[in-house]
Amino acid sequence: TYAATSGHTMDKSITLPPDEIFRNLENAKRFAIDIVRSFDHTTKATGDNLYEISVQEEVTARLHFIKFENAYIETCLDFVKDHLVNTETKVIKATVDKEDEMTCLIKGCNFVLRNIPHEAFVYAKHADSEFRFQTTQPDIFPYLLVNIGSGVSIVKVESEDKFERIGGSSIGGGTFWGLGALLTKTKRFDELLQLASKGQHTSVDMLVKDIYGGSYGSLGLTGDLIASSFGKSATADKEFSKEDMAKSLLHMISNDIGQLACLYAKLHNLSRVYFGGFFIRGHPVTMHTITYSINFFTKGEVQALFLRHEGYLGAIGAFLKGAEEDNPNQYSWGENYAGSSGLMSVSPDMNPMQRARSGTFDMLEMDRLEGKLVNLPLLQDASSYIPDTVDLTEDAHAREYWLYCFEEALDGVVKRAVASQPDMPEAAERAEKFRQKYRHKLQTLRHQPFAYGSLTVRSLLDTREHCLNEFNFPDPYSKIKQRENDMALNVLESDPEFGFEQAKRQLEERPWLVDSYDQWFERLKGPPHKCAMFFVDNSGLLSRGTEVVLASNSGPALNDVTNGELQILTESIAAMDPVIQAGLREDRLTLVQSGSSSPCLDLSRLDKVLAMVVRERKTDLVIIEGMGRAIHTNYYAMLRCESLKMAVIKNSWLADRLGGKLFSVVFKYEVPAPSQHSAALTPS
């Protein structure tokens with residue numbers, strides 16, 4: 001997909017995406033064009049329309065979005081004509097009239113809120129981490145969308161298809177831009193914001209203390225509050241700087257919009273308020289003033305929320321509207337980190353020319369997943385569940401270590417990728433491209449840890465997997481897994497106890513780093529569990545009469561077993577193990593896919609079938625094993641049933657951080673409160 005975006009034009013050439021990104025474009029049958037107001041222009045521009053074209057690839061089921069400068073719209077259209085619109089199967093959709101534009105905007109907003117974790121964020125200018133990403137809510141409705149374009153539209157969204165424009169204002173981004181141009185003679189929007197970021201509004205605005213000599217206590221007004229925007233300019237006999245006038249104007253417009261948004265949020269009892277439109281679009285100055293305004297008028301009860309992909313909403317909505325017969329919302333979608341630019345740095349100190357990325361493009365790619373992803377029904381509180389144990393966006397020391405760790409491991413990953421495809425002579429070349437791509441991602445994340453939401457060990461692992469997939473290395477561990485599985489099956493056939501005692505001897509002496517083993521042992525003396533959900537390939541509970549559900553990855557990640565591999569392995573083991581054989585025959589052993597292709601585990605994005613099995617079988621025990629699933633993620637996850645989290649710490653830095661040593665054991669058995677426990681047995 002393509003989107004023209006504004007910025008300074010230093011180089012008149014445009015860099016179009018590499019060929020491999022669009023390897024299946026010829027198979028795409030739909031394009032969506034979003035025509036919206038441009039937020040910048042030059043005197044040479046012949047028009048101010050901004051085009052976005054979204055493409056769905058049928059072969060890989062991937063959505064592409066590309067943004068570039070609107071000065072190159074003719075080049076874009078030539079590219080579309082020559083490469084895309086070449087068969088009768090193509091369908092092109094465009095947002096033209098206002099009603100259609102708003103429908104597309106809401107559809108796009110719903111889509112990103114539902115499918116992209118950490119899509120929404122709070123902006124905190126003076127905090128250590130300026131972006132504070134929000135947990136994706138199970139139910140995204142209702143919410144208020146304040147779209148600040150030339151004017152302001154305030155839309156109440158109640159469901160996928162039910163929304164209403166409940167208010168608005170003619171005083172919006174266009175007002176700031178127009179009055180700013182008159183006051184400062186500055187025509188460019190970015191430059192106007194740059195002026196505002198350097199200005200002091202108190203030179204122009206009349207404050208409460210300017211009138212009363214201090215605060216107005218009886219009315220609860222502090223002395224630093226603005227009593228009159230531009231109030232000093234009426235009486236002061238002096239020239240005001242462009243910077244100060246731009247800052248005063250920005251506060252005036254932002255405070256007006258903020259108060260309006262707060263009044264509508266209160267009137268309709270809405271606590272989630274998202275801001276978008278060209279006035280926002282990643283600009284730190286406007287995000288800060290809007291945030292300040294919302295905090296002031298609601299006394300902190302409502303937070304101003306912004307969206308990472310706000311600039312793509314119209315194009316996404318146009319695609320969804322044009323593809324309704326294919327029902328794209330029956331699937332979940334995931335951001336492809338390998339092909340997405342991510343949120344760029346929005347430091348107010350950055351020159352507009354640096355922010356514009358002139359002559360280049362920004363990208364967002366979304367991959368269609370196999371089915372619908374939902375919450376694990378056994379989460380104690382899905383709305384407060386946070387998968388990741390450490391947020392590297394906020395922990396600078398941990399961030400530096402893990403970025404270094406992943407960069408150091410890169411050579412080994414490249415060698416493994418090449419070795420996994422010995423019959424393909426071009427594998428080495430593709431592996432080198434992977435190395436360059438992933439190293440560039442790591443360098444970007446070092447400077448912009450917020451690029452893809454909260455930076456975590458999970459996101460670093462997932463980004464690596466996405467980059468490997470991008471260069472056709474979907475499963476670098478495939479041959480290793482196959483060889484080890486064959487060896488294990490051969491030995492298991494002759495010695496069913498092989499390896500168990502040896503593995504026990506290698507464990508550290510008790511007490512372990514986290515040790516609930518005694519409580520678990522006592523629990524085993526009690527009645528058997530009804531059903532255990534195991535997020536690894538283990539079935540030792542079958543002999544107690546407990547039903548067992550083995551949840552394994554839908555796609556490959558590191559050397560983790562996939563659902564397809566587990567099906568084959570289980571059949572082979574059943575041929576030599578009567579307990580497994582009986583479990584399969586009597587439907588007491590079930591294999592399901594998790595919906596994940598990650599070494600970690602997000603219990604808020606699991607396959608819909610898995611959630612159904614959990615309910616139907618009245619699962620009352622969840623077992624999570626391994627560093628990725630039980631330490632890097634879910635260490636603090638609270639469930640409505642009994643749970644076991646087990647891992648051996650195989651990283652010395654992490655072991656030290658947790659207060660242990662290399663190969664320390666974590667055995668964490670948790671029992672919820674009785675009321676929560678009983679709730680887990682009832683299908684919801």
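One-based numbering along the sequence shown.
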Sorted by first residue and then second, give each salt bridge (charged side-chain N to carboxylate O under 4.0 Å, His left out) pair with at least one member in residues 375-386; sequence neighbours left out.
none

Ring centroids only, cut at 6.0 angstrom: are Trp402 and His632 within range, meaning strictly under it?
yes

Out of the candidates Leu307, Val157, Leu305, only one should pair with Leu113 under the side-chain contact (heavy atoms from CB on, under 4.5 Å) rule; please name it.
Leu307

Polar contact flag, side-chain donor to acceptor under 3.5 angstrom, Tyr636-Asp388
no

Suppose the criterion is salt bridge (charged side-chain N to carboxylate O under 4.0 Å, His left out): which pairs have a residue in residues 298-309, not counting sequence neighbours?
Arg308-Glu335

Name the orientation class of the two ring planes belonging to Tyr292 and His288 (parallel below 30°, tilted from 30 to 60°, perpendicular beyond 60°).
tilted

Sub-3.5 Å donor-acceptor pair from the side chain of Glu670 to the main-chain atoms of Leu644, do we have one?
no

Is it true that Arg458 and Asp602 make a salt bridge, defined as a side-chain N closer than 4.0 Å to a carboxylate O?
yes

Could you go through the ring-ring contact (aromatic ring centres under 6.0 Å, His included) check for Phe667 and Tyr517 one step at a time?
CA-CA 6 Å; Phe667 190 97; Tyr517 181 78; 5.5 Å; yes

Does the gap between the ring centers of Phe471 and Phe434 come in under 6.0 Å?
no

Parallel, tilted or perpendicular: which one describes the rings of Phe121 and Phe131, with boundaries at 30° and 60°?
perpendicular

Pairs touching residues 131-147 that satisfy side-chain hydrogen bond (donor to acceptor under 3.5 Å, both in side chains), sequence neighbours left out:
Asn110-Tyr143

If you measure from the Lys or Arg side-chain nitrogens to the Asp or Glu carboxylate oxygens, is any gap between Arg62 and Glu470 under 4.0 Å?
yes

